[in-house]
Undergrad: 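My structure is below; once you've seen it, I'll send some questions.
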Amino acid sequence: MAKKLLLVDDEKVFLEGLQEGLAKQEGIFETDIAFSVDEAIRKCKKNRYNLVVSDIRMPGKSGLDLFVHLRKKKFKGDFIAMTAYGTVEVLNRIRQLGGLDIIIKPFNLEWFTQKILDFFVEKQGLSGNIDSIDITSLLQMINLERKTLAVRIDINDHTGHIFFKKGEIINAEFGELTGLKAAQKLLKLNQGRFSLEPAAADVEHSIDMPFMVLLMNAMKEIDENPIQLSLDEIMGDEKEKTMNVRLLEKAVDVLKEDMGEGLLATDIFGAHDGQSLAGWNSNPKACALMGEITLSNNKALKGAGFPPLGRYFILDLVDDKMVVVITMGDFLWGMLVDTNKAKLGLLLNIAIPKAIDTFEEAIAG
Amino acid sequence: MGATLEKIYTIVTEKGGYDARMNLAQKTGIPRTKASEMEDTPEVINRFKTAADEILGMDIDQFM
């Protein structure tokens with residue numbers, strides 16, 4: 001259920017700007033505004049607010065008068081003061097009245113939104129339904145503000161957590177899944193309930209992929225499959241992609257053997273999530289980048305009415321390096337090659353076909 | 001042995017790239033190396049052609 005927030009200030013344009021900005025968090029906050037203390041009191045009689053944020057200096061009655069009134073009326077919510085004239089005396093008075101904080105003006109909208117979000121997380125346990133809010137906005141805000149906290153998601157009988165540290169996802173758990181796979185599943189959910197929780201101190205750091213890459217990959221998958229995915233489908237595709245890891249490693253070994261010193265690094269990884277299934281001198285950032293390049297190329301080709309990428313594409317890099325990416329359905333195979341030590345013909349006509357055969361045995365299950 | 005199945009693999013790879021080839025391996029459960037060693041029975045050929053038609057979105061017989 002969205003938290004109800006009342007903003008009080010006599011500066012109409014400023015207040016409407018705040019309300020409009022907070023409206024982007026629909027489903028998290030429901031924001032109401034009042035341009036005077038009397039109007040705020042009337043609204044508090046009619047509505048139950050979780051939080052009142054009021055300016056102190058206003059014509060007629062002040063924000064302090066409002067707080068005194070609310071305390072007398074045994075107002076159940078909390079209140080925060082905002083002022084351009086913050087003094088120790090004012091802060092002490094607000095504290096005496098049970099006010100939680102004082103916000104010094106001027107401030108920007110993002111900072112203010114985060115302040116309110118922090119308040120609800122720490123004091124009231126912010127929660128809501130995923131299908132009623134823009135969950136990506138919430139996650140992006142956590143990222144932008146470099147927050148350290150946990151997002152808990154409950155769906156049917158499953159519970160998941162996404163653990164943020166300084167705005168980056170460091171771990172996740174969802175059912176029996178942990179780490180990157182759990183985060184990828186959770187980011188694709190479009191139903192369930194979320195709540196924000198304080199960060200646990202002992203969460204292991206197991207995800208290195210940048211937050212934006214994770215989020216963009218999840219959004220792309222949703223864009224490409226606009227039909228809402230059920231939980232079973234989201235959990236189920238894990239089983240479909242289960243492969244014989246021993247055979248995958250064998251495929252990498254076949255490539256290494258054929259390429260010798262010419263092969264500098266290689267990874268077989270998920271096309272959508274960049275997660276490596278097998279590799280040598282693995283580089284998670286390179287996997288994420290190649291996944292991104294492949295998806296965007298295919299999107300651009302499709303948009304222009306061209307056929308999609310074929311069996312592979314090659315990036316000729318400076319410093320005698322070359323990247324070959326083989327597209328294999330849900331998987332990509334990236335190779336970093338030293339062009340001084342490896343022949344392209346050998347790579348494309350002998351090494352890759354042999355390695356592909358081995359990979360195919362693994363995928364055929 | 002498996003000449004028809006191998007040919008289906010070749011056509012699917014030519015027309016749809018490795019994406020299509022991996023899809024065929026997943027759908028049939030038989031990789032190309034194994035297919036080339038199998039007997040070309042009508043039942044298996046039919047299974048491969050049906051999967052290939054679905055993957056390529058066209059009738060593979062026109063390329064056989």
Side-chain angles (χ1 to χ4, degrees), chain A residues 224 237 239-244 246-248 250-251 254-255 268-272 277-278 290-291 294-295 297-299 301-302 306-314 324-335 347-349 351-365, chain B:
Chain A
E224 288 164 10
D237 64 6
K239 290 173 190 164
E240 287 169 20
K241 289 179 185 174
T242 300
M243 290 202 292
N244 188 327
R246 189 185 57 78
L247 279 176
L248 286 181
K250 188 180 163 192
V254 168
L255 183 73
I268 298 171
F269 54 97
H272 296 286
L277 304 171
M290 291 307 136
T294 308
L295 286 170
N297 275 339
N298 267 332
K299 198 172 180 181
L301 287 165
K302 189 179 176 184
F306 284 90
L309 289 171
R311 287 172 293 171
Y312 51 80
F313 65 90
I314 295 171
V324 181
V325 178
I326 306 171
T327 59
M328 305 179 297
D330 290 333
F331 303 94
L332 299 173
W333 192 341
M335 304 160 193
L347 177 69
L348 298 181
N349 298 315
I352 288 179
K354 273 174 70 180
I356 287 284
D357 282 348
T358 320
F359 176 84
E360 196 177 66
E361 285 176 31
I363 206 171
Chain B
M1 293 285 275
T4 308
L5 300 183
E6 195 169 6
K7 190 171 182 184
I8 293 172
Y9 254 112
T10 304
I11 294 166
V12 166
T13 310
E14 279 172 3
K15 301 292 175 192
Y18 287 136
D19 269 15
R21 180 174 156 182
M22 295 305 143
N23 210 340
L24 184 63
Q26 276 182 309
K27 277 182 183 289
T28 60
I30 300 169
R32 192 189 64 81
T33 45
K34 194 175 167 189
S36 64
E37 294 164 2
M38 285 175 67
E39 193 177 342
D40 278 337
T41 64
E43 189 189 30
V44 178
I45 290 172
N46 191 41
R47 188 167 133 204
F48 266 67
K49 281 186 176 178
T50 304
D53 289 352
E54 279 177 23
I55 293 163
L56 298 177
M58 57 179 91
D59 182 5
I60 195 167
D61 274 334
Q62 62 186 304
F63 308 109
M64 297 291 287

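Heavy-atom basis, side chains included; hydrogens, waters and symmetry copies ignored. Just so it is clear: chains get the letters A, B, ... in the order the sequence lines come, proteins before strands, and each one is counted from 1.
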Undergrad: Could you state the interatomic distance from CD1 (A:Ile268) to CE (A:Met328), rounded to the nearest 0.5 Å?
TA: 5.5 Å

Undergrad: Should A:Ile326 and A:Phe313 count as side-chain neighbours, where that means a heavy-atom distance under 4.5 Å?
TA: no

Undergrad: Indicate yes or no: at least one non-hydrogen side-chain atom of A:Phe359 is less than 4.5 angstrom from one of A:Glu361.
TA: no

Undergrad: Could you check if a side-chain atom of A:Ile356 sits within less than 4.5 angstrom of a side-chain atom of B:Arg32, using non-hydrogen atoms only?
TA: no

Undergrad: Under 3.5 Å, which donor-acceptor pairs link side chains of residues 53-64 of chain B to any protein atom two or more places apart or in another chain?
TA:
{"unit_1": "B:Asp53", "atom_1": "OD1", "unit_2": "B:Ile60", "atom_2": "N", "d": "2.9"}
{"unit_1": "B:Glu54", "atom_1": "OE1", "unit_2": "B:Lys27", "atom_2": "NZ", "d": "3.1"}
{"unit_1": "B:Asp59", "atom_1": "OD1", "unit_2": "B:Asp61", "atom_2": "N", "d": "3.1"}
{"unit_1": "B:Asp61", "atom_1": "OD1", "unit_2": "B:Lys49", "atom_2": "NZ", "d": "2.7"}
{"unit_1": "B:Gln62", "atom_1": "NE2", "unit_2": "B:Asp59", "atom_2": "O", "d": "2.9"}

Undergrad: Can you say whether A:Ile352 sits under 4.5 Å from chain B via the side chain, the backbone, both, or neither, judging by heavy atoms?
TA: side chain

Undergrad: Are A:Asp357 and B:Arg21 ion-paired here, with the side-chain N under 4.0 Å from a carboxylate O?
TA: yes

Undergrad: With only heavy atoms counted, which part of A:Leu309 is less than 4.5 Å from chain B, the side chain, the backbone, both or neither?
TA: neither

Undergrad: For chain A, which residues from residues 10-19 of chain B have at least one heavy atom closer than 4.5 Å to it?
TA: B:Thr13, B:Gly17, B:Tyr18, B:Asp19

Undergrad: Heavy atoms, side chains only, cut-off 4.5 Å: are A:Leu255 and A:Lys354 in contact?
TA: no

